[in-house]
Amino acid sequence: MLGDTYKGSKNNLDKFVYDKSLNLPDLFFDPAYKYAFAFATIERLVPPFLKKVYQEQVEQRGVLRPPRTLGFLPNNFMDNLVNYVRNEIDAGRYLFLDDNTLMEVRQQARFIGERLTRGEDRVLPVRQIGETIRATRRGGNVPLRTFQVDRVGDSRTFSVREEDILRDNVDLIYSLDLPVGILSAPFLAIKAMKAIENLEGSEEPFFRGWPMGRAKIAPRINKYNIRDTNDTLFTIRGTKDIDDVVQDLVEGATELSKTIGVRNQLLEKKIDLYEDFIMKNKGSGKVILAGHSLGALESSHLVERLTQNNVEVEAVSFGQPVFAPHSKVNVAYSFDKDPLYRPNGRDNHKVIQKTSKIGKGFLDFTNAYHGIENYF
């Protein structure tokens with residue numbers, strides 16, 4: 001019946017009679033494709049504008065200005081987040097200014113006998129004292145320009161390759177280094193948060209829009225009445241597609257964030273909807289929960305909620321992912337080679353030694369050891 005929940009099937013099995021389903025729409029996929037054009041436009045047009053507005057000259061009045069972080073917002077909010085980088089200077093290492101000042105704009109070069117500058121001494125008054133050609137070991141010729149430091153107590157001379165000297169009228173600037181996605185990601189996050197806030201369940205199936213066509217989204221929960229009893233079975237499916245993978249990561253983060261008190265709005269919203277669906281549709285007897293993968297994780301939270309409301313619960317989980325099952329879960333099963341299995345020492349977590357199939361990878365949820373088909 002868990003397999004039927006993944007498939008969106010309404011079949012009956014023996015004494016278990018299908019009644020209804022709880023359906024939830026995609027949360028992350030929908031904003032991602034719906035606003036893809038807007039995000040692409042933002043990433044294409046906004047960065048060049050910001051780089052032009054907030055660029056800074058590398059050289060100002062003969063002084064090499066060091067790069068800094070972007071701090072134009074109040075309290076330097078963006079400091080250490082977006083850096084300035086030098087732009088358009090990869091063709092050379094030095095700039096020979098009209099006032100006989102040699103400015104080192106890149107420090108990789110070494111010279112005959114010693115490095116030109118040391119420490120902060122990156123702008124030197126010099127005078128050119130000659131030009132020459134040096135033969136290379138490969139048979140070529142390298143044009144050199146020879147300079148002498150023009151200040152009291154410093155008469156160093158050195159030669160610099162012509163190709164390492166930037167030509168006049170080169171526009172040397174510091175430009176913003178904006179990583180791809182830094183502008184559009186916040187808008188996507190806002191859209192996703194609004195989708196979570198407005199998340200509502202339905203007994204009617206949801207369908208994906210473009211580009212998935214009219215593909216039906218599998219229900220989250222199937223409800224089955226049990227013949228000749230007042231008990232009710234609720235099957236909770238796990239990961240089926242990429243949207244579920246994202247939800248897995250977000251919901252799984254809840255377990256990691258408990259120690260620092262971070263609230264997971266997605267998980268809380270979904271458990272609220274699950275609990276409401278179960279409380280409205282359960283019989284007068286026992287509630288039986290069967291969850292797989294992500295559904296196993298959600299079952300643990302539901303057990304806590306339902307027992308607090310004095311509901312008699314029996315919970316069985318399959319493919320318990322990473323975290324330990326709730327102590328009130330009757331039994332949780334995993335295969336020892338399941339990529340999501342982690343030992344946790346819980347007595348109610350049973351590990352099965354299984355060799356009949358070969359796991360095919362972390363995200364192969366159909367045929368690998370994590371797949372629900374392996375349990376029946």
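Predicted model, so just to flag it, every value in this text is computed and none were measured.
From Glu312, atom CD reaches atom OG1 of Thr307 across 11.5 Å, with rounding to the nearest 0.5 Å. Atom NZ of Lys223 sits about 13.0 Å away from atom NZ of Lys280, to the nearest 0.5 Å.
Using modelled atom types, one finds a donor on one side chain and an acceptor on the other under 3.5 Å when comparing Glu275 with Asn309. Side-chain atoms of Thr235 and Thr5 include a donor-acceptor pair closer than 3.5 Å. When only modelled atom types and interatomic distance are considered, His349 and Gln320 share no side-chain donor-acceptor pair under 3.5 Å.
Both Val331 and Ile372 belong to a single network of hydrophobic side chains, linked directly or stepwise wherever heavy atoms of I, L, V, M, F, W or Y lie under 4.5 Å apart. In the hydrophobic clustering of ILVMFWY residues, with side-chain heavy atoms under 4.5 Å counting as a link, Phe147 and Val149 come out together. Linking Ile, Leu, Val, Met, Phe, Trp and Tyr residues whenever their side-chain heavy atoms come within less than 4.5 Å leaves Phe335 and Val351 in two separate clusters. The hydrophobic cluster containing Ile352 also contains Val316, counting ILVMFWY residues as joined when their side-chain heavy atoms lie under 4.5 angstrom apart, directly or transitively. In terms of hydrophobic clustering, with Ile, Leu, Val, Met, Phe, Trp and Tyr side chains grouped at heavy-atom distances under 4.5 Å, Val160 and Ile129 are assigned to different clusters.
Within a 6.0 Å sphere centred on OH of Tyr333, heavy atoms belonging to other residues, nucleotides or ligands number 12 at most.
Proximity of a side-chain donor or acceptor of Arg346 to a complementary backbone N or O of Pro343 within less than 3.5 Å is not detected. With hydrogens and angles disregarded, no donor-acceptor distance shorter than 3.5 Å links the side chain of Asn100 to the backbone of Arg127. Of the possible donor and acceptor atoms, none in the side chain of Asp231 sits under 3.5 Å from a partner among the backbone N and O of Val287. A donor-acceptor pair is defined here as one N or O able to donate and one able to accept, closer than 3.5 Å; no such pair exists between the side chain of Lys216 and the backbone of Pro205. When atom types are taken as modelled, the side chain of Arg227 and the backbone of Asp14 share a donor-acceptor pair closer than 3.5 angstrom. Side chain of His370 to main chain of Tyr341: no donor-acceptor pair is present (N/O by atom type, distance under 3.5 Å, no hydrogens or angles). Proximity of a side-chain donor or acceptor of Asp338 to a complementary backbone N or O of Pro321 within less than 3.5 Å is not detected. In this structure, the side chain of Ser300 engages the main chain of His326 through a donor-acceptor pair within 3.5 Å. With Asp336 contributing its side chain and Gln353 its backbone, the two residues share no donor-acceptor pair below 3.5 Å. Side-chain atoms of Lys350 come within 3.5 Å of backbone N or O of Asp347 as a donor-acceptor pair.
Of all the heavy atoms in Arg220 and Leu24, the pair that sits closest is CG-CD1, 3.7 Å. Here the closest non-hydrogen pair linking Pro25 and Leu199 is CD-CD1, 3.7 Å. Of all the heavy atoms in Pro325 and Asn344, the pair that sits closest is CD-ND2, 3.9 Å. The two residues Ser21 and Pro219 make their nearest non-hydrogen contact at CB-CB, 3.7 Å. Here the closest non-hydrogen pair linking Asn141 and Ala135 is OD1-CA, 3.9 Å. Val329 and Ala315 make their closest contact through CG1-O, 3.6 Å (heavy atoms, listed as atom of the first residue, atom of the second, distance).
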Could you check Leu22 against Lys270 for side-chain contact (heavy atoms from CB on, under 4.5 Å), going step by step and ending with a plain yes or no? CA-CA 11 Å; Leu22 173 67; Lys270 288 177 67 177; over 6 Å; no
After noting the C-alpha distance and the side-chain angles of Ile278 and Leu289, does the key distance pass the side-chain contact (heavy atoms from CB on, under 4.5 Å) rule? CA-CA 10 Å; Ile278 291 172; Leu289 301 178; 3.9 Å; yes
Intermediate values then yes/no, side-chain contact (heavy atoms from CB on, under 4.5 Å), Lys328 and Val313: CA-CA 9 Å; Lys328 295 180 181 179; Val313 182; over 6 Å; no
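Using a 4.5 Å heavy-atom threshold, the side chains of Lys15 and Asp228 count as separate. Val126 has its side chain within reach of Phe158: a pair of non-hydrogen atoms, C-beta onward, lies under 4.5 Å apart. Put simply, the side chain of Arg237 does not reach to within 4.5 Å of the side chain of His292, judged on heavy atoms. Considering only heavy atoms from C-beta on, Arg161 comes within 4.5 Å of Leu144 through its side chain. Taking 4.5 Å as the limit, some side-chain heavy atom of Ile236 sits within range of a side-chain heavy atom of Leu302. Side-chain atoms of Asn330 and Asn348, non-hydrogen and from C-beta on, never get closer than 4.5 Å to each other.
When Glu298, His301, Lys269, Arg305 are each tested for a side-chain hydrogen bond (donor to acceptor under 3.5 Å, both in side chains) with Tyr274, only one passes: Glu298.
Through direct or relayed side-chain contacts under 4.5 Å between Ile, Leu, Val, Met, Phe, Trp and Tyr, Leu233 connects to Met1, Leu13, Phe16, Tyr18, Tyr224, Ile226, Ile288.
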